[in-house]
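The next block holds one structure in the form of structure tokens; read it before the comments.
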6 protein chains.
Amino acid sequence: MTRVLITGAAGHIGRVLRAGFQGHYALRLADIAPQAEAQAGEEIVTADITRLEDLLPAMEGVDVVVHLAGIPDEARWERIRDMNIEGCYNVFEAARQAGVKRVVFASSNHAVGFHRRDRMIDNTVEPRPDSRYGISKVFGEALGRMYADKHGMSVACIRIGSFRPDDRPTAPRHLFTWISHRDMVQVARRCIDYPDFHFAVVYGVSNNARNRWDNANVRYLGFVPEDDAELHAAEIEAMGKAEDAREALFHGGFGCLVEFDGDPLRID
Amino acid sequence: MTRVLITGAAGHIGRVLRAGFQGHYALRLADIAPQAEAQAGEEIVTADITRLEDLLPAMEGVDVVVHLAGIPDEARWERIRDMNIEGCYNVFEAARQAGVKRVVFASSNHAVGFHRRDRMIDNTVEPRPDSRYGISKVFGEALGRMYADKHGMSVACIRIGSFRPDDRPTAPRHLFTWISHRDMVQVARRCIDYPDFHFAVVYGVSNNARNRWDNANVRYLGFVPEDDAELHAAEIEAMGKAEDAREALFHGGFGCLVEFDGDPLRID
Amino acid sequence: MTRVLITGAAGHIGRVLRAGFQGHYALRLADIAPQAEAQAGEEIVTADITRLEDLLPAMEGVDVVVHLAGIPDEARWERIRDMNIEGCYNVFEAARQAGVKRVVFASSNHAVGFHRRDRMIDNTVEPRPDSRYGISKVFGEALGRMYADKHGMSVACIRIGSFRPDDRPTAPRHLFTWISHRDMVQVARRCIDYPDFHFAVVYGVSNNARNRWDNANVRYLGFVPEDDAELHAAEIEAMGKAEDAREALFHGGFGCLVEFDGDPLRID
Amino acid sequence: MTRVLITGAAGHIGRVLRAGFQGHYALRLADIAPQAEAQAGEEIVTADITRLEDLLPAMEGVDVVVHLAGIPDEARWERIRDMNIEGCYNVFEAARQAGVKRVVFASSNHAVGFHRRDRMIDNTVEPRPDSRYGISKVFGEALGRMYADKHGMSVACIRIGSFRPDDRPTAPRHLFTWISHRDMVQVARRCIDYPDFHFAVVYGVSNNARNRWDNANVRYLGFVPEDDAELHAAEIEAMGKAEDAREALFHGGFGCLVEFDGDPLRID
Amino acid sequence: MTRVLITGAAGHIGRVLRAGFQGHYALRLADIAPQAEAQAGEEIVTADITRLEDLLPAMEGVDVVVHLAGIPDEARWERIRDMNIEGCYNVFEAARQAGVKRVVFASSNHAVGFHRRDRMIDNTVEPRPDSRYGISKVFGEALGRMYADKHGMSVACIRIGSFRPDDRPTAPRHLFTWISHRDMVQVARRCIDYPDFHFAVVYGVSNNARNRWDNANVRYLGFVPEDDAELHAAEIEAMGKAEDAREALFHGGFGCLVEFDGDPLRID
Amino acid sequence: MTRVLITGAAGHIGRVLRAGFQGHYALRLADIAPQAEAQAGEEIVTADITRLEDLLPAMEGVDVVVHLAGIPDEARWERIRDMNIEGCYNVFEAARQAGVKRVVFASSNHAVGFHRRDRMIDNTVEPRPDSRYGISKVFGEALGRMYADKHGMSVACIRIGSFRPDDRPTAPRHLFTWISHRDMVQVARRCIDYPDFHFAVVYGVSNNARNRWDNANVRYLGFVPEDDAELHAAEIEAMGKAEDAREALFHGGFGCLVEFDGDPLRID
């Protein structure tokens, strides 16, 4: 049975994957926060990703790391740097030292958030981060690419859309960005199980009618999402939360506007 | 007169630009290392880029920052992190706080070094760093892109090829990667003087017969390199330093092989 | 409830949309010809699109204009000019003056009719009209693009395939070009309801097995056609109406041959 | 000797071509305005392009029409319609009726003026007119394409940049858009003399250092411009006429802002 | 009823098509080997494709040739040359002499086998044969293209994936390359029945979850495969036949390694 | 000194290369026809490329083979097959057996001759031979690609345009296809001397004003042609040999029309 280490296992996505992976993999669940106690086939470990020495024992015997730990949205530089840059480096480096064959990295659509929403994008568009958080995801993808190319690790980066703890899309932007829990489990499992890839970037998004992210280049992974945010469209509209006009210009939405003091006119 | 701050002004490239900029700009020359004393139109300042507080006064009244400071090739993670990630962040952030309108960032071909040399590349290819150094350049470019998009700064990234202190190409790879001193000055000056761009990535390379980097997308900058390493081809051949077969597979050359323990077969 | 003005509401497509829109929108139905009397939620107005003064009152309070009025196929220049150029200009201009937010324009595949059928086409191919009629559709799309860009109007252009009053494909070419009534209603409704686009060109075509028009770039509209002309293939074949060999060369089919005296050899 | 009819021969471009064509072609010079009297090899004719009956005799015996007549910049709809739409139709139609083999049409960069200046463009980009004037040029190009495809006429469209009566670039935008008199003559002559093309769109622009229009697809025409607006850069800068920030966003510059009341944010 | 000649009718694919075509076409079944006796609507003929004189009578009255005969995998040059080059030439030439309107040619994925598997491929990628066998398929496709262009024949080339006599995928590579019997019949029938194409290249592959061959450019053929090798994934994995690491680099798999003595590093 | 074997050394191109290579390489000159006697640095050998046993000794000690031997234009199938298919196979196979590191293959524009001349082409367009001769060149290129990929040979294919024994362009088509003797020598020398390529396809064409073949993808070879057929344009025009209208449709010109009985309308 494939042994999978999840970093950030106590987080929202971590808990969903933990449940979804039950019975499919031997799980080692790492977090700095407390976690629900181990079930059959599970190990609970405490690890701080900013400490390489914490990570090395956690990697022992692991086949695949699913790296979720880190700051999940915009934050001040020092936190991003420590958790999403230093921490991410430590995870890849510890994995390499432990001989782990594959890392599945939780990247984000915010790595390409400043691309114009009027144009659909695939996984070859240039990095265009919308935040320090987004920059840390560009960094993580670049790190992954180098560990693949230079150290022979198999690396997948999932550019996750809008994952909601309560599994419901609740904002206009979610109509194109939502990823349901079961689609999140599916895409992660495809990235773990697929026998042989070198480096892959896949958008983690449900089969939304309004989807604007194109996974054609990684169609071979066999990720076929099952849910569609459109079924919630009426409900969302009824909430009356219209998206800000400037947010609506970019794939990254709200992420683009945090601290924004630029000239939106120049963002081509 | 445009006031230009050069970080890393005491380095190899810094000194060449200092000389080439004489008389064209008001220069503020920053480095942590000692520098030749100020000439007319020059100010010498000491600044450590790992300290934001050092950088803020150096930015005052500056129109354009040419950011050269940092580790210029592969190094251990801590140094790359401190100088090329933290330091680079500080430079962009200090520039933003000081209201600097433009940053010209010394990126590197090693940001895309693991692309196959058999294919010519332009400035839209995916990041494919060949080293921690290369990753830090991907990081710097992403940072620049965000400061352009989010904070309205004008940003140019020069993916510098092989700059040689003695201004001569001396290795087989230089035949396609060499940039002469005057071409380096030219490209930097075009990036400083060009009146209006949002974000640009340009390869810093001479007009080498064997050039494999395509600047067509930024032709409008008017960078027309004048030198050609081919004139030194016989001389280089006479040195008998054949490139390693695996190095020769990738644009990044030697950068790709440092610490390499991967599977070159998988690098498509 | 969204108020929709249909121009040309008495025409073949107009009547199908009228029926299909019932209960979904407040309808204002404009034509120069007599129309069936108003049902609940409908207003009937008489308007000549060649008269801007007729159009202005018709636009009052309208959210979206669906502009169908005009000459529906090849005709002499004066009629095309008056109805499809002057008339189309008047509709967009009146909409602008009345503050209408969106225009959905009935364009046609004949705007790109002289593209070779051997190559599939998407919505970025160059204009290549097959007739004066087709030219007027290129004009209308260009007009729409300018009203979007310059005046902030949201504009969709539907390049309608073969719409048949009796809702059945009856000729060999229809096997790839047919659009059923319900798919016509669907695509028009998606263009009306979609909350936020700037400018979009979408092919109005059913889910025909032999379809040669690619809507991938506007997949986000959520237009998912339900019918397939292939179900009528045997029936069509039984009619024995083979397509003329020269017609069969081009997407526009018969439209290309009307008055043709050129050199088909030169049409690359 | 090739007989060339110039419409609009009394205009700024017309007079420059007249002089530049001297001795190379038999010239018939048509305008509604008075013209300098005929030299050897020239005929002067008076023709109103809004009257097909005026044009037919002017076309007799003509090999190539260079169609310059029309409104040369933004104007109210009625004038654009009469001169640039009706007039343009008449010219192509009269040429067809008279058996003229080739039409060289003076199109304009304003046919694609709302494309973002940050992206270089070639001759395959989608129409994106910045004005009623620009729309009329999209119309003229579409007309030309149909006369080529359907009626076997050879048609070239020159998307003219900034032609200056005094042959000097005088505004910041001219640094990328300027076309000198001799380059204008050259491109027109290449379009007249080139033995065999079906339909071609070429940007009429000098060899400016900052050029952003790519003629690579029609390189075969052999148009090699000789002048460069950069030589006038200091002079232009000294005038202190900075381009408006919003103008500078688009290829069309000032053309985009006339009557502008849209949302520049949405122009991707 | 369309008369179809199958060459190589006694082979594995030939027998499956024979059965699948029953009742749909008048069949002439040619092979050099003995065949099961003729059923209603069938004729059995003996023909050696290396003898043009054998083929001419077999072509009489034929509407479509399905050319399967030849060496089905790597072999020494003389056999490939005689059967797959000379034989293939004879089949096309005999078809031309007999006035046959269409040839459906059994090409192979091995015509493009040395493309990197990490990149999905469509039908426009450059030839990159992995064997003498693959070269003969490039030859056959080129021959077909010339017979289409020069002699007006309609030609389809099916780049067949992994066809298994027992209709089951049994190796890891089959998970992306498998074509089931009924999908093979379907694609062949679409190529026979489609009323009008000039030249088409289509991948003969089932609807496998891991499919890496893109038929989007020939979507109009209406080939919609029904089977998916993924349903056999567990079974295949249980066999424990891992693909050789070097095989796994290329679309052609094992075909690439036969007699391989090159430098896999250089295959970009 | 690099030892170069030229096959077909007695032919028109062979003699020009022989002269141009003098003093640069040790030459072995092979042909079945008599040759001028050996000069210093030359060896004359007699070899029939249809006999592998003739070729093996000729390959001994050779660094680079320049393979020119074969039928230089359209011929009946048996001659093409024996000389250009069997002969070409023998040359590559003998080179492999002898450990030759590089083969430079004289391919031809007729390998892609049926592409429409109205579209410029580069070295990635699909094979589209205009003759049996052209098919043999597609075969040779495919062979070269496989010897590169599978056997680690370095292979260049020069798609030669119009080489004239008297070094003068004399027909309208030559204005875009001509290659002068010195440009032929240059391109061959670049292919011999360039230190390191795996597989390259380069158009052998002078710097003609009307050139329609794009070498941008192999710019790194440093082939910079010096001559331009345009200087002979007046002279050619004076000859009054207009190109046939159908010839003028395709890159291959006359090659397309030999034995043509197809439907030029269908050649997209």
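Just so it is clear, the structure is predicted and the values come from calculations on it, not from any experiment. Just so it is clear: chains get the letters A, B, ... in the order the sequence lines come, proteins before strands, and each one is counted from 1.
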Would C/Trp213 and C/Phe176 count as a close aromatic pair, with their ring centres under 6.0 Å?
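When the ring centroids of C/Trp213 and C/Phe176 are compared, they turn out to be within the sub-6.0 Å range.
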
Quick check: F/His251 with F/Tyr203 (ring centres under 6.0 Å apart)?
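Not close enough - the centres of the two rings lie 6.0 Å or further apart.
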
Heavy-atom cut-off 4.5 Å, strictly under: side chain, backbone, both or neither for F/Leu249 against chain C?
side chain

Heavy-atom distances under 4.5 Å only: say whether C/Arg116 touches chain F with side chain, backbone, both or neither.
side chain

Between C/Arg246 and chain F, which part of the residue has a heavy atom less than 4.5 Å away: side chain, backbone, both or neither?
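It is the side chain, since no backbone atom gets that close.
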
Below 4.5 Å, heavy-atom pairs only: which of F/Asp263, F/Leu265, F/Asp118 has the largest tally toward chain C?
F/Leu265

Ring-plane angle category for C/Phe254 and C/His110, please: parallel below 30°, perpendicular beyond 60°, tilted otherwise.
perpendicular

Pair F/Glu78 + F/Arg132, salt bridge at N-O below 4.0 Å:
no

